[in-house]
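So the structure is just underneath, and the comments pick up after that.
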Amino acid sequence: MTGTYLGMPAFPDAAATSTKNTQLRANLRHATHTIRAKRATAVAELDDWGELRAAGAAIKDRTLRHLDHYLERLESAVTAAGGQVHWAADADEANRIVTELVRATGEREVVKVKSMATQEIGLNDALAQAGIRAYETDLAELIVQLGDDLPSHILVPAIHRNRTEIRDIFTRQMARWGRPAPEGLTDAPADLAEAARLHLREKFLNAKVGISGANFMVAETGTLVVVESEGNGRMCLTLPETLISVVGIEKVVPTWQDLEVFLQLLPRSSTAERMNPYTSTWTGTTDGDGPRTFHLVLLDNGRTDTLADTVGRQALRCIRCSACLNVCPVYERAGGHAYGSAYPGPIGAILTPQLRGTQSELDASLPYASSLCGACYEVCPVAIDIPEILVHLRERVVEGGPASVRGTRTVIKPAKGHAAERAAMRAARWAFDHPGVLRAGQRLASRTRRFHPRRLPGPGRAWTDTRELPDVPAESFRDWWRRTRGDEGPSESHTRSKGNPGDKGHKENKGKRTTT
């Protein structure tokens with residue numbers, strides 16, 4: 001597998017392949033069940049978890065409403081502290097900026113902190129094309145890099161690998177990237193961690209340039225924050241002479257008081273810890289302490305377009321905890337690679353189509369990579385209503401319509417391959433607008449129920465391969481209501497009362513609340 005997601009098949013095709021991999025499914029099932037059980041325990045310790053969750057959502061929403069203000073405030077604070085700020089409209093511009101900054105140092109190697117933003121823009125490949133080698137220092141990212149693989153999880157990028165597979169990767173590939181694996185390496189976790197530590201220590205001590213992302217940026221002081229569990233990030237942030245941080249514009253928070261909320265929400269939701277073992281903060285540059293040069297690259301890459309969508313902008317609240325992946329039945333069975341994006345799972349199914357658009361077959365398929373069970377919303381620490389956005393994006397895929405593309409308001413065309421779905425939805429809408437037609441259709445379905453097939457023919461066959469068609473009742477609800485409650489059906493009565501304020505039914509119901 002290469003280091004890029006370009007050219008990957010649509011989700012249904014990729015998932016059809018990955019779900020047949022029994023080892024992958026076993027690895028994912030064990031890991032996700034373990035993580036989510038620990039998370040549930042950690043969250044249950046806080047009596048005010050619901051209030052914290054609501055506070056996190058409110059802070060994010062307030063910040064997004066005034067994002068321009070807080071970004072300008074951040075830029076001023078970073079500059080005043082000795083840093084340099086660069087603005088990148090898209091992935092190409094961000095890669096060009098970072099490549100030029102590294103070239104200016106004269107170095108041809110960099111060490112990297114685990115970063116979703118740099119995965120999103122394909123920075124490692126861009127640097128490689130410029131003759132610059134980037135070394136991942138997060139343990140899981142190191143496993144992925146040595147294995148010529150792609151991350152499959154936001155928090156645990158190598159979640160699809162077990163210990164034996166990791167041992168084999170280290171034994172075969174470490175020497176090609178630097179210090180080789182110890183002789184006789186076992187698959188014991190302690191031995192694997194020690195092999196990685198020895199391999200990476202060499203990189204840390206020699207690196208002159210470090211590249212990172214950031215979990216948060218504090219606008220009032222220009223401070224960037226990275227939270228981690230291993231300490232590799234602390235090494236990358238302090239030892240190199242030059243530090244370059246690539247961060248999505250949505251990661252800004254107004255104040256340190258706001259940051260405090262997220263430093264409670266994130267560790268419990270991601271690693272099931274009360275606090276992160278390493279929380280690193282840095283503000284510009286300081287003589288004699290840390291990098292002498294600091295660059296902040298603020299990345300848009302579709303985030304402004306996402307912000308323009310009043311429903312979809314919720315996705316920008318995401319703090320990359322990965323809790324939604326760990327409870328998702330689709331992710332657990334299909335794995336992260338099937339999503340064809342740096343952002344797998346439920347959050348990827350709503351974020352990627354907004355950042356990249358829905359015109360490709362892959363991106364148009366992602367809003368359908370969900371059972372809409374709602375488990376992702378229940379565990380999200382910032383209350384992103386992922387099912388709502390999924391349905392919203394499905395409508396965009398099928399119907400097209402107005403959207404923001406690269407900052408310009410335009411009308412996008414429906415995605416290909418949804419003509420039958422579009423026709424069916426329009427027919428259903430017409431039927432619901434004509435009660436007589438709907439009633440006749442219900443009666444016809446009831447009277448012919450004994451002839452109904454158990455599986456649909458043609459394109460519907462795939463849908464009924466894993467589902468049974470529901471039995472049609474002998475009597476429709478409307479007919480039951482008419483038979484047991486009187487001559488008028490519920491919808492006709494409601495329509496008459498609502499549509500004619502002067503009729504008797506309206507006068508009798510005025511001021512009363514009816515519950516059905």
Side-chain angles (χ1 to χ4, degrees), residues 1-29 32 91 116 119-126 144-145 147-154 157-161 165 301-302 315 322 324-325 328-372 376 386 389-391 393-398 400 412-422 458-467:
M1 184 174 290
T2 65
T4 177
Y5 294 93
L6 295 177
M8 293 190 69
F11 182 84
D13 297 328
T17 300
S18 62
T19 51
K20 296 175 183 177
N21 187 331
T22 56
Q23 184 63 65
L24 172 69
R25 293 185 62 170
N27 294 348
L28 288 171
R29 181 171 59 253
T32 56
M116 298 302 299
Q119 285 285 350
E120 173 190 330
I121 64 177
L123 178 61
N124 286 10
D125 289 337
V144 169
Q145 186 176 54
D148 194 24
D149 202 348
L150 287 170
S152 63
H153 192 275
I154 290 177
I159 195 172
H160 56 290
R161 299 290 193 183
E165 292 174 308
N301 203 37
S322 77
C324 61
L325 281 70
C328 178
V330 177
Y331 172 85
E332 180 184 322
R333 288 156 179 80
H337 292 153
Y339 293 82
S341 166
Y343 305 108
I347 186 61
I350 63 171
L351 185 59
T352 301
Q354 295 192 86
L355 297 181
R356 300 197 307 212
T358 56
Q359 298 312 297
S360 74
E361 185 181 6
L362 168 60
D363 295 329
S365 71
L366 290 179
Y368 295 88
S370 170
S371 65
L372 298 180
C376 49
I386 294 177
I389 304 175
L390 286 167
V391 173
L393 292 176
R394 290 180 185 185
E395 179 183 2
R396 179 181 297 177
V397 169
V398 175
I412 60 175
K413 296 180 180 180
K416 296 180 180 180
H418 293 271
E421 181 181 355
R422 192 158 52 248
R461 179 181 295 274
W463 194 84
T464 52
D465 278 344
T466 55
R467 303 170 179 83

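Just so you know, these numbers come straight off a predicted model, no measurement behind them.
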Task: Worked check of side chain to side chain contact (heavy atoms under 4.5 Å, CB included) between H337 and L24 - done: CA-CA 11 Å; H337 292 153; L24 172 69; over 6 Å; no

- [ ] Could you verify whether a donor N or O on one side chain and an acceptor N or O on the other, from N27 and Q23, lie under 3.5 Å apart?
- [x]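 Indeed, the side chains of N27 and Q23 share at least one donor-acceptor pair under 3.5 Å.
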
Task: Side-chain donor-acceptor contact under 3.5 Å, H160 with D149 - done: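 The answer is yes; a qualifying pair exists.
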
Donor-acceptor pairs are to be reported for all side-chain atoms of residues 339-351 against protein atoms at under 3.5 Å, with residues two or more places apart or in another chain.
unit_1: S341; atom_1: OG; unit_2: Y343; atom_2: N; d: 3.0
unit_1: S341; atom_1: OG; unit_2: T352; atom_2: OG1; d: 2.7
unit_1: Y343; atom_1: OH; unit_2: E120; atom_2: OE1; d: 2.6

TODO: State which residues pass side-chain contact (heavy atoms from CB on, under 4.5 Å) with S371; sequence neighbours excluded, sorted by chain then number.
DONE: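 Expected list: P329, C373.
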
Distance check, rounded to the nearest 0.5 Å: [X] atom [atom1] versus [Y] atom [atom2]?
X	Y	atom1	atom2	answer
L393	Q354	CG	CD	5.0 Å
L366	L362	CG	CG	5.0 Å
M116	I121	CE	CD1	12.0 Å
C324	I154	SG	CD1	6.0 Å
L372	R394	CG	CZ	4.0 Å
R25	K20	CZ	NZ	12.0 Å

What are the two closest non-hydrogen atoms of [X] and [Y], and how far apart are they?
X	Y	value
L28	G335	CD1-CA, 3.4 Å
V398	P414	O-CB, 3.1 Å
T358	A415	O-CB, 4.0 Å

- [ ] Indicate yes or no: at least one non-hydrogen side-chain atom of T32 is less than 4.5 angstrom from one of I159.
- [x]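 The answer is yes; the side chains approach within 4.5 Å.
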
So, does [X] use its side chain to make a donor-acceptor pair with the main chain of [Y] at under 3.5 Å?
X	Y	answer
S18	A334	yes
S365	F11	yes
S360	D363	yes

Open item on the list: Can you confirm whether E165 is buried at CD, in the sense that more than 12 heavy atoms of other residues, nucleotides or ligands lie under 6.0 Å from that atom?
Closed with: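 Enclosed: over 12 neighbouring heavy atoms sit under 6.0 Å from CD of E165.
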
